[in-house]
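Beneath this line is the structure, given in structure tokens, with notes to follow.
These numbers were taken from a predicted model, which means no experiment stands behind them.
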Amino acid sequence: MKYLLLSYTPAASWDAATADAPTEEAMAAFAAYQKFEQELFETGEFVGAEGLGHPAVSTTVRKTSGGVVATDGPFAELKEVLASFAVIDVASHERAVEIVSRMVEVLGEPMEIRPVMGEDFTA
């Protein structure tokens, strides 16, 4: 079963002015994450992952009474922002929780696990 892992970070810790120059702390977290990624690659459970751009450079598209409108920035002020995502393909929800629990223990930031609705979706 495939699961989407959503990684969040506090909005206050992600400064738009320095988003292109990661902090030493961010680089250390990325290095720790890469170890998990390599482990999942070796077990055949890794599908893919990507970091996301800063929310300040995002665009929100929504339908209004006047038509479809695109606006700069995220939809709302957030305490936490989506920083990255990964897709894993594991035997069970319990295995996904096991993997993510280890990541959260090391990285310290919350992660969300969501099933991917595909041909093997049974939830």
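Hydrophobic clustering (ILVMFWY, side-chain heavy atoms < 4.5 Å, transitive): Leu5 and Phe41 are in one cluster. Cluster annotation: Ile88 and Phe30 are assigned to distinct hydrophobic clusters (Ile/Leu/Val/Met/Phe/Trp/Tyr, side-chain heavy-atom contacts under 4.5 Å, transitive). Residues Val104 and Phe46 are members of one and the same hydrophobic cluster, defined by side-chain heavy-atom contacts under 4.5 angstrom among Ile, Leu, Val, Met, Phe, Trp and Tyr.
The distance from the CE atom of Met1 to the CE atom of Met117 is 9.0 Å, given to the nearest 0.5 Å. Here the CD1-CD distance, from Ile99 to Glu39, works out to 7.5 Å after rounding to the nearest 0.5 Å. Distance check: Glu94 CD to Glu98 CD gives 10.0 Å after rounding to the nearest 0.5 Å. One finds the OG1 atom of Thr43 at 10.0 Å from the CG atom of Asp89 (value rounded to the nearest 0.5 Å).
Between Leu107 and Ala29 the shortest heavy-atom distance is CD2-O, 3.3 Å. Closest of all the heavy-atom pairs between Ala83 and Thr9 is CB-CG2, 3.9 Å. Nearest heavy atoms, Gly51 versus Ser84: CA-CB, 3.8 Å. When all heavy atoms of Val106 and Ala32 are compared, the pair lying nearest together is CG1-CB, 3.8 Å.
The shortest distance between side-chain heavy atoms of Asp72 and Thr59 falls below 4.5 Å. Between Tyr3 and Val90 the shortest side-chain heavy-atom distance falls below 4.5 Å.
Between Glu105 and Arg102, none of the side-chain N atoms (NZ, or NE/NH1/NH2) sits under 4.0 Å from a carboxylate O, so this pair counts as no salt bridge.
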>> Evaluate Phe85 against Leu4 for side chain to side chain contact (heavy atoms under 4.5 Å, CB included), listing each step before the verdict.
In response: CA-CA 7 Å; Phe85 70 90; Leu4 176 66; 3.9 Å; yes

>> Determine whether Glu42 and Gln38 satisfy the following criterion, side-chain hydrogen bond (donor to acceptor under 3.5 Å, both in side chains), listing intermediate values before the conclusion.
In response: CA-CA 6 Å; Glu42 290 170 3; Gln38 182 60 37; 2.9 Å; yes

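Tyr8 pairs with exactly one of Met111, Glu109, Glu112 by the side chain to side chain contact (heavy atoms under 4.5 Å, CB included) rule, that one being Glu112.
With sequence neighbours left out, Ser101 forms a side chain to side chain donor-acceptor pair (under 3.5 Å) with no residue at all.
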